[in-house]
2 protein chains.
Amino acid sequence: MQHQIEFFYFIGSTYSYLSVMRAQALAAKEGVALVWRPFSVRTLMREQNNVPFATKPVKMKYMWRDLERRAARFGVPFDGIPPYPIDPNETANHVATLAAREGWCPEFTQAAYRAWFLGKQDPGTEASLRETLGSIGQDAQACLLRAGEEATKQEYLARTDRARQLGLFGSPTFVVGEEIFWGDDRLEDALAWCRAQ
Amino acid sequence: MQHQIEFFYFIGSTYSYLSVMRAQALAAKEGVALVWRPFSVRTLMREQNNVPFATKPVKMKYMWRDLERRAARFGVPFDGIPPYPIDPNETANHVATLAAREGWCPEFTQAAYRAWFLGKQDPGTEASLRETLGSIGQDAQACLLRAGEEATKQEYLARTDRARQLGLFGSPTFVVGEEIFWGDDRLEDALAWCRAQ
């Protein structure tokens, strides 16, 4: 059996909210380690001319309804449509990259998504990040500095390049070896793939 | 409990293959009637500037792999990538519209998809349609004539307009009352929604 799923995600992806809130516990139940990989799906989507919602109001309306239904089904809190899109500079993802390096990525990402979906804030603003970092016991000032360093941005770019090499095009994507599973609705499939290896 | 799901689909949609082959039996097991609704998703997607695969090779490559995996999971035959796209004039969908009116839509659609996915033919060519119609015991000549009549095309347009009013943007879409579920991977959710009503 495969014991690891790489969880590629982007803070700014709406459907990723469901995975961010439910994937860790589900994987743990199965004895599978979830390795959190923040990456710039926005960069890949621009390269691929893949605009999911901004120019597609019918599809976007559906997305919010589908997300609401699935959140209810999984017991993930949902309280109406949050701001969208958010974080044009991808700052929250730079912080997530730092967090992944230092071992506090899940709690940071979950707190950032709560600020976004429940607090109805853009989770990438400095004010929101200070609040989020403080709430998980991190030194906000120090983290923001380290997240803004060239080394962190390079790490983020490198991970994005790996995603590009793996054939990713969306968030969330679960990677098991070379097999990729796109969408929160393929989480169970990815876990089943692990069991079958 | 709701006893009916409207199954909006378009012969030419790749993922719809899975639903075409598995949805009827699954719904029947639950005592839910599947009402087959062929519609011009291509028209709606063009209106909405929604190009899923033609200009997105990375996403398209993933789609074929995802379809192959899910086909294996559901016991739906898959034997390599079929021709794509197909049927520029939507002739197969005109025949499906006639078939829906006359009560033989499921068997026609399933036979057309087998010709496409397993026979590796464009299922909308006259030769393919003759073979498909013959294989299900229909008078091919008569059907092709009736399918080409203005009344059939108008019916197809009217159904497409209903899909537009319901907020559809893709195929397959399962409609339960006013609730829409997009994707073969929402079939079980649509059935669960029926049970809950």
Side-chain angles (χ1 to χ4, degrees), chain A residues 8 15 18 41 43-74 163-193 195-197, chain B residues 8 15 18 41 43-74 163-193 195-197:
Chain A
F8 280 82
Y15 275 114
L18 298 173
V41 83
T43 298
L44 298 190
M45 293 177 81
R46 282 178 178 157
E47 282 170 12
Q48 298 172 21
N49 196 30
N50 184 0
V51 183
F53 304 124
T55 54
K56 301 182 177 75
V58 178
K59 204 171 176 200
M60 183 153 73
K61 180 179 178 199
Y62 172 81
M63 177 271 291
W64 292 122
R65 176 57 185 151
D66 188 48
L67 210 156
E68 177 177 35
R69 278 189 311 225
R70 286 178 64 80
R73 172 180 170 185
F74 294 120
R164 189 186 285 109
Q165 300 310 318
L166 282 166
L168 269 60
F169 56 86
S171 172
T173 303
F174 304 98
V175 180
V176 184
E178 299 266 309
E179 203 73 31
I180 74 177
F181 296 84
W182 169 53
D184 176 75
D185 48 25
R186 291 288 183 279
L187 170 55
E188 282 78 1
D189 290 16
L191 285 164
W193 197 266
R195 284 196 299 274
Q197 301 315 300
Chain B
F8 281 82
Y15 275 113
L18 298 172
V41 82
T43 298
L44 299 190
M45 292 178 80
R46 283 178 177 155
E47 282 169 12
Q48 299 173 21
N49 196 28
N50 185 0
V51 183
F53 304 124
T55 53
K56 301 182 175 75
V58 178
K59 203 170 174 198
M60 183 151 75
K61 181 180 177 200
Y62 172 81
M63 176 271 291
W64 291 123
R65 176 57 184 151
D66 189 48
L67 210 155
E68 178 178 34
R69 279 190 310 226
R70 287 179 63 80
R73 172 179 170 185
F74 294 120
R164 190 186 284 110
Q165 300 310 317
L166 283 166
L168 269 61
F169 56 87
S171 171
T173 303
F174 304 96
V175 179
V176 184
E178 299 265 309
E179 202 73 31
I180 73 178
F181 296 85
W182 169 53
D184 176 76
D185 49 24
R186 293 287 183 281
L187 169 55
E188 283 78 0
D189 290 16
L191 286 164
W193 197 265
R195 283 195 301 272
Q197 302 314 300

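So you know, we letter chains A, B, ... as the sequences are listed, proteins then strands, and number each from 1.
Annotation: side chain of Q48(A) is not in contact with side chain of T55(B) (no heavy-atom distance under 4.5 Å). Between I180(B) and R65(A), the closest side-chain pair of non-hydrogen atoms is not below 4.5 Å. In this structure, K59(B) and M45(A) have side chains that are not in contact, with every pair of non-hydrogen atoms separated by 4.5 Å or more.
With a 4.5 Å cut-off on non-hydrogen atoms, D66(B) touches chain A through its side chain but not through its backbone. There is no contact between K61(B) and chain A, counting heavy-atom distances below 4.5 Å. Using a 4.5 Å cut-off between heavy atoms, W182(B) touches chain A through backbone and side chain atoms alike. For chain A, no part of R164(B) is nearby; none of its heavy atoms comes within less than 4.5 Å.
More than 12 non-hydrogen atoms from other residues, nucleotides or ligands lie less than 6.0 angstrom from CD of Q197(A).
Of the listed residues (V51(A), N50(A), L44(A)), the greatest number of heavy-atom pairs within a distance under 4.5 Å of chain B belongs to N50(A).
Cation-pi contact between R69(A) and F181(B): present, with separation from the ring centre below 6.0 Å and deviation from the ring axis of at most 45°.
The distance from atom CG of D189(A) to atom CZ of R73(B), rounded to the nearest 0.5 Å, is 4.5 Å.
Across all non-hydrogen atoms, the minimal contact from K56(A) to N49(B) is CE-O, 3.2 Å.
Residues of residues 165-173 of chain A having a heavy atom under 4.5 Å from any heavy atom of chain B, listed by number: G167(A), L168(A), F169(A).
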